[in-house]
A.B. asks: 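Pasting a structure here, questions to come.
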Amino acid sequence: MRLVEAGCEVEVSPDLLPVTLARDGVVLIQQGSVAEVRALLDRWTVPVDHPHQVADGLTVIAPRLRTDDGGNEAGFTDLPLSPHTDRSLHAQPPSVLATLMLTPARAGGSATLVDGARVLTLLRLRAEDAAIAGLRLRTTTGQLDPPVVEFVSGRARIRYRDDRIAGPYSTDGRLDLVAEFRRLISETTRFLHLGAGHGLGVVRECPV
C-alpha cells in the first residue's frame, strides 16, 4: 500500500499520516487492501459505530435494492449523492474517514470531495464567526439541530447535508449566508475517479 499527497506523487510515510491529514485534509491511497487500511487506522484512531457496519468501524458499500426510507440509505443504491459529510446528524461524527475502492463501477462511482477549509475561508470574508456559528442543519423530523460549522479549540468541524433528511438554515435568518454556503459547496466540489485498490483518507476539521 502506498500513501500519496493529493495532487502530486510525494509519498507519505504511515507515521506521518495524521500530520499530513491535519495539514492537507486528504491523503490518497494506492494499491491498498481493507486489511492494510484497517491496520493503519487502528494505530491512531478509534472506530466509530455505523448502523450498517459489518465490523467495528467498517462499512461495506454495495448497491442494494432501492429503499423508500426517505433517502438515508441512498448511499447503498446506484443513486447519485449530493456532497455531504458522513454521519452528519450524529452527536459525535467521526473526525477521520477512509474509503477504499474494491470493485470499480462500470459507470460513475467517482468520489466527491469538497474543500471545507476553502469554503470556510471564503465564507469568513462575508460574515463573522458568530453568524457562521448560527448555521444549523434542520431535519425533517425536527429532532436535531446540529451546527454546520462548529468552532472548537482553534479548529472548525464542518458537517453538511442538503437533501430530504436535513438541510442548512440560519438561526439568525441569514438566508443570504445559507445561499452563499450552498454556492461555495458547489463551487469547491471536485470529483476523483478511484480504481481497484485506490482510496482516500479525509478529515472533516480544519485550523482556523
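Everything numeric in this text was worked out from a predicted model, so none of it was measured. Numbering of residues begins at 1 and proceeds along the displayed sequence.
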A.B. asks: Over all heavy atoms of both residues, which pair between Val48 and Gln53 is shortest? Give the atoms and the distance, please.
C.D. replies: O-OE1, 3.8 Å
A.B. asks: Which pair of non-hydrogen atoms, one from Gly195 and one from Pro104, has the smallest distance, and what is that distance?
C.D. replies: C-CG, 3.9 Å
A.B. asks: Using the rule that Ile, Leu, Val, Met, Phe, Trp and Tyr join whenever any side-chain heavy atoms are under 4.5 Å apart, tell me whether Val203 and Val4 fall into a single cluster.
C.D. replies: no
A.B. asks: For Phe151 and Asp129: C-alpha separation, side-chain torsions, deciding distance, then whether side chain to side chain contact (heavy atoms under 4.5 Å, CB included) applies.
C.D. replies: CA-CA 9 Å; Phe151 296 100; Asp129 287 353; 3.8 Å; yes
A.B. asks: Quick one: does any side-chain atom of Asp163 pair with a main-chain N or O of Ala166 as donor and acceptor, under 3.5 Å?
C.D. replies: yes
A.B. asks: Name each donor-acceptor pair under 3.5 Å that joins a side chain in residues 87-99 to protein atoms two or more places apart or in another chain, with its distance.
C.D. replies:
{"unit_1": "His90", "atom_1": "ND1", "unit_2": "Gln92", "atom_2": "N", "d": "3.1"}
{"unit_1": "His90", "atom_1": "ND1", "unit_2": "Gln92", "atom_2": "O", "d": "3.1"}
{"unit_1": "Ser95", "atom_1": "OG", "unit_2": "Arg157", "atom_2": "NH2", "d": "2.8"}
{"unit_1": "Ser95", "atom_1": "OG", "unit_2": "Glu205", "atom_2": "OE2", "d": "3.4"}

A.B. asks: Decide yes or no for Ser110 and Leu194: does some side-chain heavy atom of the first lie under 4.5 Å from some side-chain heavy atom of the second?
C.D. replies: no
A.B. asks: Would you give the length of the straight line joining atom CG of Asp115 to atom CZ of Arg190, rounded to the nearest 0.5 angstrom?
C.D. replies: 8.5 Å
A.B. asks: Over all heavy atoms of both residues, which pair between Ala130 and Asp172 is shortest? Give the atoms and the distance, please.
C.D. replies: O-OD2, 4.3 Å
A.B. asks: Does Pro83 offer a backbone N or O that forms a donor-acceptor pair with the side chain of Thr112 under 3.5 Å?
C.D. replies: no
A.B. asks: Compare every heavy atom of Val148 with every heavy atom of Pro168, then report the nearest pair and how far apart it is.
C.D. replies: CB-CG2, 4.4 Å
A.B. asks: Determine the sole option in Leu184, Ile158, Val149, Thr189 for which the side-chain contact (heavy atoms from CB on, under 4.5 Å) test with Val119 is passed.
C.D. replies: Leu184
A.B. asks: What distance separates Leu192 CG from Leu28 CG, expressed to the nearest 0.5 Å?
C.D. replies: 6.0 Å
A.B. asks: Indicate, with yes or no, if Leu125 and Ile185 share a hydrophobic cluster defined by side-chain heavy-atom contacts under 4.5 Å among Ile, Leu, Val, Met, Phe, Trp and Tyr.
C.D. replies: yes
A.B. asks: If you round to the nearest 0.5 Å, how far is CZ of Arg118 from OG1 of Thr188?
C.D. replies: 9.0 Å
A.B. asks: Any sub-3.5 Å donor-acceptor pair from His84's side-chain atoms to Ser82's backbone N or O?
C.D. replies: yes
A.B. asks: Run the salt bridge (charged side-chain N to carboxylate O under 4.0 Å, His left out) test on Glu150 and Arg155 for me, step by step, so that the C-alpha distance in whole Å, both residues' side-chain angles and the decisive distance to 0.1 Å come before the verdict.
C.D. replies: CA-CA 8 Å; Glu150 186 177 5; Arg155 303 188 70 81; over 6 Å; no
A.B. asks: What about Val37 and Leu58, same hydrophobic cluster or not, with Ile/Leu/Val/Met/Phe/Trp/Tyr joined at side-chain heavy-atom distances under 4.5 Å?
C.D. replies: yes
A.B. asks: Consider only side-chain heavy atoms of I, L, V, M, F, W and Y, link residues closer than 4.5 Å, and tell whether Leu177 and Leu175 are in one cluster.
C.D. replies: no
A.B. asks: Does some side-chain heavy atom of Leu135 sit less than 4.5 Å from a side-chain heavy atom of Leu123?
C.D. replies: yes
A.B. asks: In this structure, would Ile29 and Val202 fall into the same cluster of hydrophobic residues linked by side-chain contacts under 4.5 Å?
C.D. replies: no
A.B. asks: Show me the donor-acceptor pairs within less than 3.5 Å that the side chains of residues 12-21 make with the rest of the protein, sequence neighbours left out.
C.D. replies:
{"unit_1": "Ser13", "atom_1": "OG", "unit_2": "Asp15", "atom_2": "N", "d": "3.3"}
{"unit_1": "Asp15", "atom_1": "OD1", "unit_2": "Arg43", "atom_2": "NH2", "d": "2.5"}
{"unit_1": "Thr20", "atom_1": "OG1", "unit_2": "Leu16", "atom_2": "O", "d": "2.8"}

A.B. asks: Evaluate the criterion salt bridge (charged side-chain N to carboxylate O under 4.0 Å, His left out) for residue pair Arg138 and Asp145; output intermediate values, then yes/no.
C.D. replies: CA-CA 6 Å; Arg138 174 182 285 139; Asp145 195 34; over 6 Å; no
A.B. asks: Rounded to the nearest 0.5 Å, what's the gap from CG on Leu122 to CD on Glu187? Could you check?
C.D. replies: 8.5 Å
A.B. asks: Could you check if a side-chain atom of Ile132 sits within less than 4.5 angstrom of a side-chain atom of Arg124, using non-hydrogen atoms only?
C.D. replies: yes
A.B. asks: Calculate, to the nearest 0.5 Å, the distance between atoms CG and CG belonging to Asp49 and Asp56 respectively.
C.D. replies: 6.0 Å
A.B. asks: Should Glu5 and Arg23 count as an ion pair when the cut-off is N to O under 4.0 Å?
C.D. replies: yes
A.B. asks: Could you walk me through whether Arg2 and Glu11 pass the side chain to side chain contact (heavy atoms under 4.5 Å, CB included) check?
C.D. replies: CA-CA 7 Å; Arg2 296 180 67 233; Glu11 193 160 351; 3.5 Å; yes
A.B. asks: Please name the residue in the list Val60, Val34, Ile61 that meets the side-chain contact (heavy atoms from CB on, under 4.5 Å) test with Leu102.
C.D. replies: Val34
A.B. asks: For Arg182 and Val178, run side chain to side chain contact (heavy atoms under 4.5 Å, CB included): C-alpha distance rounded to whole Å, both residues' side-chain angles, the deciding distance at 0.1 Å, then the answer.
C.D. replies: CA-CA 6 Å; Arg182 283 184 167 128; Val178 175; 3.6 Å; yes
A.B. asks: Indicate whether any N or O donor in one side chain lies under 3.5 Å from an N or O acceptor in the other, for Thr85 and Arg159.
C.D. replies: no
A.B. asks: Could you go step by step and tell me if Phe181 and Arg126 meet the side chain to side chain contact (heavy atoms under 4.5 Å, CB included) rule?
C.D. replies: CA-CA 10 Å; Phe181 192 83; Arg126 294 284 305 272; over 6 Å; no
A.B. asks: Keeping Glu36 on the side-chain end and Ser33 on the backbone end, is there a donor-acceptor pair under 3.5 Å?
C.D. replies: yes
A.B. asks: Any idea which heavy atoms bring Asp162 and Gly167 closest together, and the distance?
C.D. replies: OD1-CA, 3.9 Å
